[in-house]
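Here is the structure we will look at.
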Amino acid sequence: QVQLVESGGGLVQAGGSLRLSCAASGRTFSNYGMGWFRQAPGKEREFVAAISWSAGSTSYADSVKGRFTISRDNAKNTVYLYLQMNSLKPEDTANYYCGATLRGLRDLRAARLYDYWGQGTQVTVSS
């Protein structure tokens, strides 16, 4: 059974930090590129950050570059994906989703190309 389970969301003041986690199991996710996306009410899901299967390459949206860091741990049965979010802003408020795809790094910004998704974790940044 494929599962991607996010955790770590919550309410934080502007300028604060949060660390999101995603536990992926049920497939050999160590072979998958993975990414974080977010979706605010009334808006489309947007790319935040992605990491290649080997963790050798990363990609970030311009809006989070320098503030967010994506990383992963390819453990044997469960792959863990992380998003360290610093200097949070009210505009970062959204539901954050992790996803996995067999596509290469150049495709990791496109939500439509992802094969699996988690259920999301809410991040709310107060001003």
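Not measured: the values here are computed from a predicted model. Every heavy atom of this structure was used, including side-chain atoms; hydrogens, water molecules and symmetry mates were not.
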Checklist outcome for this item: salt bridge (Lys or Arg N to Asp or Glu O under 4.0 Å) filter on K43, not counting sequence neighbours, yields none
Item to check | N-O pairing of D62 and K65 below 4.0 Å | outcome: yes
Checklist entry - How is the hydrophobic cluster of Y80 composed, in terms of its other members, when Ile, Leu, Val, Met, Phe, Trp and Tyr link through side-chain heavy atoms under 4.5 Å apart, directly or indirectly? => result Y82
Checklist entry - With sequence neighbours left out, which residue pairs that include part of residues 25-78 fulfil the disulfide bond (SG atoms under 2.5 Å apart) condition? => result none
Checklist outcome for this item: Heavy-atom nearest pair, T101 first then L113, reads OG1-O, 2.9 Å
Checklist outcome for this item: Residues G99 and W117: closest non-hydrogen pair is CA-CE3, 3.9 Å
Next on the checklist: The criterion is side chain to side chain donor-acceptor pair (under 3.5 Å); which residues satisfy it with S17, sequence neighbours excluded?
Outcome noted: N86
Checklist entry - Does T69 use its side chain to pair, donor to acceptor, with the backbone of Q84 at less than 3.5 Å? => result no
Checklist entry - Is the side chain of S127 donor-acceptor paired with the backbone N or O of P90 at a distance under 3.5 Å, no angle test? => result no
Item to check | Shared hydrophobic cluster for L108 and Y96 (ILVMFWY, side-chain gaps under 4.5 Å) | outcome: no
Next on the checklist: If the condition is side chain to side chain donor-acceptor pair (under 3.5 Å), which residues does Y114 pass it with, not counting sequence neighbours?
Outcome noted: none
Next on the checklist: I'd like to check the side chain to side chain donor-acceptor pair (under 3.5 Å) partners of S59; sequence neighbours left out, ordered by chain and number.
Outcome noted: R109
Checklist entry - Rounded to the nearest 0.5 Å, how far apart are OG1 of T93 and CD of Q122? => result 7.5 Å
Checklist entry - With distance as the sole test, does R67 use its side chain to make a donor-acceptor pair with the main-chain N or O of S87 at under 3.5 Å? => result yes
Checklist outcome for this item: Tightest non-hydrogen contact, residues V79 and R72, listed as CG1-NH2, 3.7 Å
Item to check | ILVMFWY network linking Y32 to V2, side-chain heavy atoms under 4.5 angstrom | outcome: yes
Just list the side-chain donor-acceptor pairs under 3.5 Å for residues 18-30, sequence neighbours left out, or say none.
{"unit_1": "R27", "atom_1": "NE", "unit_2": "Y116", "atom_2": "OH", "d": "3.1"}

Next on the checklist: Applying ring pair (Phe, Tyr, Trp, His ring centres under 6.0 Å) as the test, list every pair that has at least one member in residues 45-71; sequence neighbours left out.
Outcome noted: F37-F47
Checklist entry - Taking atom CG of L83 and atom OG1 of T121, what is their separation to the nearest 0.5 Å? => result 11.0 Å
Checklist entry - Does a side-chain heavy-atom distance below 4.5 Å link M85 with V123? => result yes
Item to check | disulfide bond (SG atoms under 2.5 Å apart) contacts in which one or both residues fall within residues 30-87, not counting sequence neighbours | outcome: none
Checklist entry - Heavy-atom distance under 4.5 Å between the side chains of V64 and R38, does that happen here? => result yes
Item to check | Residue pairs passing the disulfide bond (SG atoms under 2.5 Å apart) test where at least one lies in residues 40-74, sequence neighbours excluded | outcome: none
Item to check | Gap separating the CG atom of N74 from the OG atom of S54, nearest 0.5 angstrom | outcome: 8.5 Å
Item to check | Closest approach of L4 to M34 (non-hydrogen atoms, all atoms of both residues) | outcome: CD2-CE, 4.4 Å
Next on the checklist: Which residues pass the side-chain contact (heavy atoms from CB on, under 4.5 Å) test with Q39, not counting sequence neighbours?
Outcome noted: R45, Y97
Checklist outcome for this item: Those residues at least two apart in sequence (or on a different chain) that pass side chain to side chain donor-acceptor pair (under 3.5 Å) with Q3 are none
Next on the checklist: Between T58 and I51 (side chain of the first, backbone of the second, donor and acceptor by atom type, cut-off under 3.5 Å), is there such a pair?
Outcome noted: no
